[in-house]
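Every number for a ligand or one of its atoms is a count from 1 in the order of the listing.
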Amino acid sequence: MISVQGLTKTYGGFTAVDNVSFECRPGAVTGFLGPNGAGKSTAMRVMAGLTPATSGSARVGGALYRDIPNPGTQVGVLLDASAQHAGRTGREILTLSALTMGLPMSRVDEMLALVSLTPAESKRRVKNYSLGMRQRLGIANALLGDPKILILDEPANGLDPAGIHWMRILLREYANRGGTVLLSSHLLHEIEVIADEIIVIGHGKIVAQGTKAELLQTAGTFVKAGDASALANALTAAGITAGPSGDGGLRTETDPATVGKAAAAAGVALVELRPAEGAGLEEMFLELTSDTQREAVTAEGATA
Ligand SMILES: Nc1ncnc2c1ncn2[C@@H]1O[C@H](COP(=O)(O)OP(=O)(O)OP(=O)(O)O)[C@@H](O)[C@H]1O
Ligand SMILES: [Mg+2]
């Protein structure tokens, strides 16, 4: 369990994280979604005890990170995968972590195998790693102490599609075993495929939170017919407001079942009828963060 309550972090007069509260439950992958500069890394740094909160608190497994004895065995943290010691090999980094945590050396090889870093790669210096290899090493490091909680900042950064698929399975199985996962991303699609619960942050404030299903529900329906104007008329007749969508179809806030019935009642043959997932969530994301983006533009304009 991760419990963040009224967390605020200011730098001078600037508020990076503004009265943020949320919980991440065991057995679920929680996605922390927000545009660049939203405050995700700052909030995660407070959770991992790397920077003090200005006010409020972040508890991991019921305690403040700094009060946890041997924290690596309770909470696995991956903040900046590129911040690992560049002159050491991957194997050395994991070995040092294992020594610090008092773990058997066999864990190092287990973790290297888990993240698919080959023995040859593990003996290469980290400065010669690709970004994806660094992320894998960082994930291995976070999992080394077999913690019950994972805090991962942009772990999918630099992973190829196969790597993202691998990570999704890894985190899913980890959560199914009762683990708690918080992972951040500025990319909607990554959060959409990996997370069960989503917290959206913009300009330091939480702008939406809920299960993926709840947030997708608000996304409405995409519908398309061979005869577009007949479909538009059928929806209008049924009192459903719809607007044009990118690829020749219509988008509406009404649910798919109601839209399908309206089309059937008017005898309109559909070629597509589905929850407007991808576009809907993207629109929501842009909408939810548009205020903060406007503010940023205005602020820049004012100082220019
Ligand atoms: N040490 C610091 N001093 C001053 N401002 C900071 C500091 N750390 C972060 N900030 C500011 O806080 C805001 C939030 O930054 P943060 O790194 O948390 O964003 P983020 O959501 O992780 O973004 P990204 O997706 O780009 O990683 C930014 O405006 C940033 O400039
Ligand atoms: Mg960040």
message: Could you check whether atom 31 (O) of ligand 1 has a protein contact, counting only heavy atoms that fall below 4.0 angstrom?
response: no
Solution key, residues 24-31 side-chain donor-acceptor pairs under 3.5 Å, sequence neighbours excluded:
| unit_1 | atom_1 | unit_2 | atom_2 | d |
| --- | --- | --- | --- | --- |
| Arg25 | NE | Glu197 | OE2 | 3.1 |
| Arg25 | NH2 | Glu197 | OE2 | 3.1 |

- prompt: Protein N, O or S atoms less than 2.8 Å from the Mg ion (ligand 2), ignoring waters?
  reply: Ser41 OG
message: For atom 25 (O) of ligand 1, what is the closest protein heavy atom, and at what distance to 0.1 Å?
response: Lys40 NZ, 2.8 Å
query: Does Thr15 reach the side chain of His203, with side-chain heavy atoms less than 4.5 Å apart?
result: no
query: What pairs of residues pass the side chain to side chain donor-acceptor pair (under 3.5 Å) test when at least one of them lies in residues 59-70, not counting sequence neighbours?
result: none
- request: Answer yes or no: does an N/O atom from Gly37 fall short of 3.5 Å to an N/O atom of ligand 1?
  value: yes
statement: Nearest non-hydrogen protein atom to atom 11 (C) of ligand 1, with distance, is Phe14 CE2, 3.7 Å
- request: Using atom types as modelled and distance alone, determine if a side-chain donor or acceptor of Lys9 lies under 3.5 Å from a backbone N or O of Pro52.
  value: yes
message: If you measure every N or O of Ala43 against every N or O of ligand 1, does any of those distances drop under 3.5 Å?
response: no
Protein contact to atom 17 (O) of ligand 1 [nearest heavy atom, distance to 0.1 Å]: Ser41 CB, 3.7 Å
- request: Would you mind reporting whether Thr241 and Thr252 have side-chain heavy atoms less than 4.5 Å apart?
  value: no
message: Tell me every residue that passes side-chain hydrogen bond (donor to acceptor under 3.5 Å, both in side chains) with Arg124, counting only those two or more places apart in sequence or in another chain.
response: none
- prompt: Between the main-chain N or O of Pro69 and the side-chain N or O of Gln74, is there a donor-acceptor pair closer than 3.5 Å?
  reply: no
query: Who's the nearest protein heavy-atom neighbour of atom 12 (O) of ligand 1, and how far?
result: Ala16 CB, 3.3 Å
task: Could you tell me whether ligand 1 has any atom less than 4.0 Å away from a heavy atom of Glu154?
output: yes
- prompt: Which protein non-hydrogen atom lies closest to atom 5 (N) of ligand 1, naming both residue and atom, and how far is it?
  reply: Tyr11 CD1, 3.4 Å
query: Who's the nearest protein heavy-atom neighbour of atom 18 (O) of ligand 1, and how far?
result: Thr42 OG1, 2.6 Å
query: Is atom 9 (C) of ligand 1 less than 4.0 angstrom from at least one protein heavy atom?
result: yes
query: ligand 1 and Asn36, any nitrogen or oxygen pair closer than 3.5 angstrom?
result: yes
- prompt: When rounded to the nearest 0.5 angstrom, what distance separates CG in Leu150 from CD1 in Ile139?
  reply: 9.0 Å
Residues, nucleotides or ligands: over 12 heavy atoms within 6.0 Å of Lys148 NZ: no
- prompt: Shortest non-hydrogen contact from Leu270 to Ala225?
  reply: CD2-CB, 4.1 Å
- prompt: Between Arg45 (side chain) and Thr51 (backbone), is there a donor-acceptor pair under 3.5 Å?
  reply: no
- prompt: Can you tell me if Asn19 and Ser21 form a side-chain donor-acceptor pair at under 3.5 Å?
  reply: no
